[in-house]
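A short worksheet on the structure shown next.
What you are looking at is a predicted structure, and each value in this text was computed from that prediction instead of being measured. Order of the sequence lines fixes the chain letters, A, B, ..., with proteins taken first and strands second; residue numbering starts at 1 for each chain.
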Amino acid sequence: MIQRPRGTADRLPAVAATWRLVTDTFQRQCELRGFAPISTPTIERSELFTRTTGDATDLAQKEMYSFEDRGGDSLTLRSEGTAPVVRAYVQNGLHNLPQPVKLYYVTSIFRYDRPQAGRYREHHQIGAEALGDSSPAVDAEVIDLLWSTYRSLGIDDVTLELNSLGDPDTRPAYRRALVDYFTPLAERLDFDSRERLTSNPLRILDSKNPAVADLCADAPRSLDFLGESARAHFDALQVLLESLEIPFAINHRLVRGLDYYNRTVFEFVPPDAGSQSTVGGGGRYDYLAELIGANHVPGVGFGSGIERVLLNLERCGLTARASRTIDAYVAPLAEAAVADAMRLARHLRQAGVAVECGFRAASPRSHLRRASRSQARVALLLGTREIERGVVALKPLNGAAQVEVRRADAVTQIQAVLAGDS
RNA sequence: GUGGGCGUAGCUCAAACGGUUAGAGCGUCUGGUUGUGGCCCAGAAGGCUGGGGGUUCAAGUCCCCUCGCUCACCCCA
């Protein structure tokens with residue numbers, strides 16, 4: 001049997017209601033703030049991701065789904081959500097719209113990684129980006145959007161962690177300070193962290209290795225290296241978050257897995273999250289557009305894994321139940337009635353009634369069993385008797401008495417019954 | 001990429017020491033006298049015991065390999 005690729009999932013009807021709850025809630029929160037939907041291709045030129053993500057990141061080094069197409073171009077399945085949106089903004093001249101341009105998306109993300117709880121090779125993210133405005137209020141709005149989405153869903157125990165990484169002009173000094181701090185301690189670092197000492201020292205801070213974490217406690221803090229304007233930006237953001245009553249905690253060790261971030265970075269983490277500690281995160285990326293060869297475009301945004309949101313909904317006991325969609329079930333009792341049954345179903349549907357139609361002639365018992373399980377409120381029986389007399393038997397499934405209605409007024413009669421017992 | 005646990009019907013699970021024809025519940029389908037649902041009852045369908053190799057008179061059971069699932073490391077959403 002051919003099976004689905006590793007790390008992918010079939011999303012069955014049973015989880016559709018909860019899935020839709022998440023995306024609908026997010027969409028609603030976006031619309032409440034004037035964020036407009038955007039979608040970008042599943043594949044992009046590989047350079048879009050390699051140039052923005054950062055050479056020293058795991059994502060760039062071993063997690064991208066890249067391939068050469070028949071024309072010899074290197075393409076990559078979307079490995080993160082932000083760079084494609086920035087690319088689309090630049091390529092489509094969205095800087096001609098009033099700034100900032102506020103965009104949101106619901107999309108799939110592909111990363112080659114070993115699957116485990118809450119981690120997939122194809123996962124899905126809700127995300128938003130605000131491009132073209134560098135003021136801290138935009139950071140606050142974006143954070144508020146994600147926070148409000150979680151709150152509306154009923155997830156009220158995730159905590160917001162916040163940090164600022166400063167700007168490119170102060171990054172080298174901070175980086176040097178980290179190297180100066182960790183180099184004498186190199187023997188106490190694990191292998192990965194020692195590697196990062198030269199490749200990407202900031203990421204040492206992210207290590208979950210307890211020994212390394214201990215050393216990080218006294219490591220230089222990025223907040224102490226902020227330039228004047230980055231400092232003001234971060235202070236302003238905190239005031240805004242406090243005024244919005246969004247609780248947050250400064251995490252000096254919070255860096256992010258992608259190198260394009262500057263200034264604000266944030267993550268939402270659930271309590272006692274085992275290995276998958278982040279349900280959503282993002283930050284500011286004012287220099288990303290330049291990395292892909294465009295003019296300067298400040299931006300801030302986030303991504304949040306839908307599968308991880310689902311895990312948190314489940315943890316909080318908040319999964320949605322599918323609602324009934326079928327109003328009526330049409331049951332052909334004889335082979336000769338099948339065509340009539342389908343015609344009746346069509347008339348009802350044209351009138352806005354949701355109808356499930358039995359496809360083959362069967363006993364009333366068999367059809368009524370199906371009708372019950374379809375959760376329809378009425379069953380419409382069509383047999384040779386009914387066809388001869390130009391009527392249809394209308395049986396409410398709530399125990400009320402069965403009646404016969406003429407075919408000519410079947411639709412209005414059925415609508416009346418449906419309206420009556422709802 | 002590294003390590004642990006686990007693979008029996010669509011699902012949840014049985015099958016003592018290796019020993020006849022691998023079972024049950026749920027679900028599905030059909031029926032329970034003439035054309036009437038849910039509950040109940042009966043019957044049926046549904047398995048190369050993940051795959052391959054080995055040991056043995058005999059393997060779902062023991063050994064090896066492999067694939068898959070899962071959890072953790074790592075990384076991230």
Interatomic distance at P, G46(B) relative to G23(B), whole Å
14 Å

Pairing residues for S304(A) by the side-chain hydrogen bond (donor to acceptor under 3.5 Å, both in side chains) criterion, not counting sequence neighbours
Y150(A)

Separation of atom CD in E129(A) from atom P in A77(B), rounded to whole Å:
12 Å

Check every strand shown and say whether G399(A) touches a base, only sugar-phosphate, or nothing at a heavy-atom separation below 4.0 Å.
base

When you check the phosphate oxygens OP1 and OP2 of C29(B), does a side-chain N or O of R370(A) lie under 4.0 Å from one of them?
yes

Please report the distance, rounded to the nearest Å, between CZ in R121(A) and P in U70(B).
11 Å

Checking A77(B), G37(B), G68(B) against the side chain of Q3(A) (C-beta onward), the nearest is G68(B)

R373(A) side-chain proximity, nearest of G31(B), U36(B), U28(B)
U28(B)

At under 4.0 Å, does any side-chain N or O of S366(A) touch on OP1 or OP2 of G37(B)?
no

C67(B) and G53(B): how far apart are their C1' atoms, nearest whole angstrom?
14 Å

What is the distance, to the nearest angstrom, from the CG atom on N312(A) to the P atom on A77(B)?
15 Å

Can you measure R308(A) atom CZ to A77(B) atom C1' for me and round it to whole angstrom units?
4 Å

Closest nucleotide among C75(B), G35(B), U30(B) to the R369(A) side chain:
U30(B)

Out of G35(B), C74(B), G31(B), minimum distance to the side chain of P364(A) belongs to G35(B)

Backbone N or O of V179(A) within a donor-acceptor pair of the T183(A) side chain at under 3.5 Å?
yes

Can you tell me how far P in G38(B) sits from the matching atom in C29(B), rounded to whole Å?
12 Å

Using the C1' atom in both, what is the distance from C26(B) to U34(B), to the nearest Å?
34 Å

Paired nucleotide for C74(B) [Watson-Crick or G-U wobble; both distances under 3.5 Å]:
none

Can the ring centroids of F26(A) and Y104(A) be said to lie less than 6.0 angstrom from one another?
yes

Determine if H123(A) stacks with A77(B); use a centre-to-centre distance below 5.5 Å and an interplanar angle below 30° as the criteria.
yes

Between G35(B), C69(B), C74(B), spot the one nearest the side chain of D192(A), thanks.
C74(B)

Just wondering, do S39(A) and T107(A) contact through their side chains at under 4.5 Å, heavy atoms?
no

Out of G35(B), G31(B), A77(B), which nucleotide sits closest to the side chain of R256(A)?
A77(B)

Which part of the nucleic acid, if any, lies within reach of I306(A) when heavy atoms closer than 4.0 Å are counted: base, sugar-phosphate only, or nothing?
nothing

Can you check the L333(A) CG to G37(B) P distance for me, whole Å?
12 Å

Quote, to the nearest angstrom, the P distance that separates A44(B) from G35(B).
26 Å

Residue matched to U56(B) through Watson-Crick or wobble contacts both under 3.5 angstrom
none

Exercise answer: donor-acceptor pairs, residues 378-396 of chain A side-chain atoms, under 3.5 Å, sequence neighbours excluded:
unit_1: E386(A); atom_1: OE1; unit_2: G383(A); atom_2: N; d: 2.9
unit_1: R389(A); atom_1: NH1; unit_2: E404(A); atom_2: OE2; d: 3.0
unit_1: R389(A); atom_1: NH2; unit_2: E404(A); atom_2: OE1; d: 2.6

With both distances under 3.5 Å as the test, what is the Watson-Crick or G-U wobble partner of U30(B)?
A42(B)

When the distance from OH of Y112(A) to P of C75(B) is rounded to whole Å, what number comes out?
18 Å

Expressed as a whole number of Å, how far does the P atom of A16(B) sit from that of G54(B)?
25 Å

Identity of whatever pairs with C11(B) - Watson-Crick or G-U, under 3.5 angstrom:
G25(B)

C75(B) OP1/OP2 closer than 4.0 Å to side-chain N/O of R196(A)
yes

Check whether the side chain of Q116(A) and the base of C75(B) form a donor-acceptor pair under 3.5 Å.
no

Nearest of G37(B), A77(B), G35(B) to any side-chain atom of S372(A)?
G37(B)

Shortest side-chain distance from R365(A), nucleotide among G32(B), A77(B), G35(B)
G32(B)

Classify the side chain of E63(A) versus the base of G1(B) as yes if they form a donor-acceptor pair under 3.5 Å and no if they do not.
no

Please tell me if R4(A) has a side-chain N or O lying less than 4.0 Å from either OP1 or OP2 of G68(B).
no

Between Y120(A) and G7(A), whichever has its closest RNA chain B nucleotide further toward 5' is G7(A)

Q125(A) side-chain proximity, nearest of A77(B), G35(B), G38(B):
A77(B)

From A77(B), G35(B), U36(B), nucleotide with atom closest to K395(A) side chain
U36(B)

Any side-chain donor-acceptor pair under 3.5 Å between T149(A) and Q29(A)?
no

Would you check if there is a donor-acceptor pair between the side chains of E129(A) and T82(A) at a distance under 3.5 Å?
yes

CD (E245(A)) with more than 12 external heavy atoms under 6.0 Å
no

Tell me: CG of L12(A) to P of G27(B), nearest whole Å?
19 Å

Once you apply a heavy-atom cut-off of 4.0 Å, does Q402(A) come out as touching a base, just sugar-phosphate, or nothing?
base

When the P atoms of G27(B) and C41(B) are considered, how many whole Å apart are they?
11 Å

When we call it a touch if two heavy atoms are under 4.0 Å apart, what does E386(A) touch: a base, just sugar-phosphate, or nothing?
base

With hydrogens left out and only the distance checked, is there a donor-acceptor pair under 3.5 Å joining R119(A)'s side chain and the base of C75(B)?
yes

With the side chain counted from C-beta on, respond yes when L291(A) and Y260(A) share a heavy-atom pair under 4.5 Å apart, and no when they do not.
yes

Taking atom C1' in both U56(B) and C11(B), compute the distance separating them and give it to the nearest angstrom.
35 Å

According to a strict under-4.0 Å criterion, is R6(A) in side-chain N/O contact with OP1 or OP2 of C69(B)?
yes

d(CZ, R114(A); P, G4(B)) in whole Å
11 Å

